[in-house]
Structure formats: structure tokens, C-alpha cells
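Heads up, the thing below is written out as C-alpha cells.
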Amino acid sequence: MSVERTLLIIKPDAVKAGNAGNILAMLEGAGGFRVKALRMEQLTRESAEKFYAVHRERPFFGDLVEFMTSGPCIPMVLEKEDAIQRLRGFIGATNPAEASDGSIRALYGSNIQNNAVHASDSSESATVEIPHFFPEIAVGVA
Ligand code: CMP
């Protein structure tokens with residue numbers, strides 16, 4: 001296991017609901033993730049379509065882009081030992097109804113689309129997703 005960096009986005013539903021602070025506190029506190037970069041940003045359609053390009057052919061793609069551009073989101077780079085897999089566990093399953101008790105999506109997600117947060121699902125994804133938002137941040141740990 002090694003120290004890794006991964007991308008997390010607090011999505012527009014969680015920002016709108018005023019849950020960003022609680023989510024960040026969970027990530028830094030119980031999660032033990034270190035924040036290496038963070039900002040609030042309103043995604044353009046172009047940026048959202050590019051970020052989720054892997055889902056372009058899925059039936060939910062149009063709704064997903066509408067949702068992700070519906071208000072500001074908070075992308076951030078998180079660092080920790082084995083960060084990518086640990087963060088996936090910490091946020092819970094994509095569908096909040098199936099997310100484990102105490103996970104971020106169980107606590108703050110509403111449905112399979114409005115699920116409060118996104119996290120990179122593999123090191124290949126993190127390598128693309130970190131520079132999408134933070135081209136100035138190294139993907140690997142020095
Ligand atoms: P995320 O982890 O950001 O990855 C893709 C997103 O598409 C997902 O979270 C949800 O917000 C959204 N989505 C909507 N419907 C579905 C679905 N049926 N399966 C997976 N993701 C979905």
C-alpha cells in the first residue's frame with residue numbers, strides 16, 4: 001500500500017442543502033484524509049460532459065449533466081495511504097439506499113443521481129480526474 005491522491009466532488013445537491021461543511025469534517029476527521037486542493041466551482045456543460053464522458057451512452061447521462069451544472073460543486077484532491085479504495089468505502093455505494101450505515105452517501109445522499117459526492121473509482125480514473133480540476137496538482141505523491 002502506498003500514499004495516494006484521489007478526487008472527490010461535493011455535488012450540487014449537498015452544497016445546496018448546506019452539507020458541505022459536515023462532509024468535509026467527516027473526510028478530515030473520521031476519514032483521516034488530507035486536503036491537498038479545494039475550491040468551489042460552477043461546472044459548465046462542457047466541463048461536466050467531459051468529466052463524465054465515460055457515461056455518455058448511458059440513459060442517465062443528460063440528467064446527470066443537468067444535475068452537475070445545477071449549482072456550485074466543490075471538487076477537492078484528497079491524500080492518504082490507499083486513498084482511492086478507502087475513500088470509495090467511506091462514501092458508500094452509488095445508490096444511497098444501498099450505502100453502508102454511516103457512510104457519506106447514506107447520511108447525505110437522496111437518490112442514485114443526487115448522491116452527495118463523487119469519488120474516483122480507480123487509479124486510472126484519479127489520474128484523469130485530478131487534472132480535470134487541478135492541473136497544477138501532481139497526481140502522484142512526491
Ligand atoms: P458518480 O459516482 O458521480 O458516477 C456517475 C454518476 O451518475 C453517479 O455518481 C450518479 O450521480 C449518476 N447516476 C444516475 N443514475 C445512475 C445509475 N443508474 N447508475 C449509476 N450512476 C447513476
Side-chain angles (χ1 to χ4, degrees), residues 1 3-141:
M1 262 189 300
V3 176
E4 295 173 334
R5 290 180 176 173
T6 187
L7 184 91
L8 180 129
I9 306 173
I10 303 180
K11 294 184 177 184
D13 58 328
V15 174
K16 253 180 218 147
N19 291 326
N22 286 339
I23 291 170
L24 190 56
M26 280 181 72
L27 291 165
E28 288 189 305
F33 295 92
R34 295 182 293 279
V35 179
K36 305 306 288 184
L38 174 153
R39 72 167 171 275
M40 179 174 274
E41 174 174 332
Q42 171 78 46
L43 285 191
T44 62
R45 170 167 293 274
E46 187 189 11
S47 176
E49 286 180 348
K50 188 174 173 203
F51 184 80
Y52 280 119
V54 64
H55 295 304
R56 192 174 285 278
E57 303 306 325
R58 308 285 290 275
F60 58 80
F61 182 71
D63 288 343
L64 175 60
V65 170
E66 282 299 315
F67 164 56
M68 290 301 294
T69 56
S70 67
C73 63
I74 306 177
M76 67 188 77
V77 176
L78 299 175
E79 184 179 286
K80 183 182 164 84
E81 186 90 3
D82 198 22
I84 296 165
Q85 287 316 311
R86 287 197 183 163
L87 184 60
R88 297 288 292 178
F90 196 69
I91 69 173
T94 304
N95 187 347
E98 294 163 9
S100 49
D101 285 352
S103 65
I104 292 177
R105 283 168 167 164
L107 287 167
Y108 299 113
S110 305
N111 55 56
I112 196 162
Q113 177 181 269
N114 296 21
N115 60 359
V117 290
H118 166 87
S120 305
D121 65 3
S122 63
S123 62
E124 291 75 21
S125 300
T127 300
V128 175
E129 292 182 357
I130 290 172
H132 181 96
F133 288 101
F134 301 101
E136 73 281 14
I137 298 287
V139 170
V141 180

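These numbers were taken from a predicted model, which means no experiment stands behind them. As a basis for the values below, the full set of heavy atoms in this structure was taken, side chains included, without hydrogen atoms, waters or symmetry mates. Counting starts at 1 for both ligands and their atoms, in listed order. In this chain, numbering begins with 1 at the start of the sequence shown.
- For Ile112, heavy-atom contacts with ligand 1 shorter than 4.0 Å involve the backbone as well as the side chain.
- Of the protein's non-hydrogen atoms, Phe60 CG, 3.5 Å is the one closest to atom 15 (N) of ligand 1.
- Residue, atom and distance of the protein heavy atom nearest to atom 12 (C) of ligand 1 are Leu64 CD1, 3.7 Å.
- The contact set between ligand 1 and Lys11, taken as ligand atoms under 4.0 Å from a residue heavy atom, comprises 1 (P), 3 (O), 8 (C), 9 (O), 10 (C), 11 (O).
- Glu28 and Arg34 are not joined by a salt bridge, as no carboxylate oxygen comes within less than 4.0 angstrom of a charged side-chain nitrogen.
- Closest heavy-atom approach to atom 5 (C) of ligand 1 among the candidates His55, Arg88, His118: His55.
- Between Asn19 and Asp13 the shortest side-chain heavy-atom distance does not fall below 4.5 Å.
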query: Between Val77 and Val35, is a side chain to side chain contact (heavy atoms under 4.5 Å, CB included) present by the stated rule, with each step listed?
result: CA-CA 6 Å; Val77 176; Val35 179; over 6 Å; no
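- Remark: minimum distance from atom 4 (O) of ligand 1 to any protein heavy atom is reached at Tyr52 CE2, 3.7 Å.
- Residues Ile23 and Ile74 have side chains not in contact (no heavy-atom distance under 4.5 Å, counting atoms from C-beta outward).
- Close N/O approach between Asn115 and ligand 1 is found [any backbone or side-chain N/O within under 3.5 Å].
- Ligand 1 has Arg105 within reach: a non-hydrogen atom of the residue lies less than 4.0 Å from it.
- Close approach of ligand 1 to Gln113 is summarised as follows: ligand atoms under 4.0 Å from at least one heavy atom of the residue are 10 (C), 11 (O), 14 (C).
- By the 4.0 Å heavy-atom criterion, Met68 is excluded from the residues contacting ligand 1.
- Annotation: side-chain contact (heavy atoms from CB on, under 4.5 Å) contacts of Glu98 (sequence neighbours excluded): Ala93, Asn95.
- Not a single heavy atom of Phe67 lies less than 4.0 angstrom from ligand 1.
- For the side chain to side chain contact (heavy atoms under 4.5 Å, CB included) with Met76, the lone residue among Thr6, Ile130, Leu38 that qualifies is Leu38.
- Test Phe67, Phe133, Tyr52 against His118 for ring pair (Phe, Tyr, Trp, His ring centres under 6.0 Å) and you get one pass: Tyr52.
- In this structure, Arg86 forms no cation-pi arrangement with Phe33, as its terminal cationic atom is not both closer than 6.0 Å to the ring centre and no more than 45° off the ring axis.
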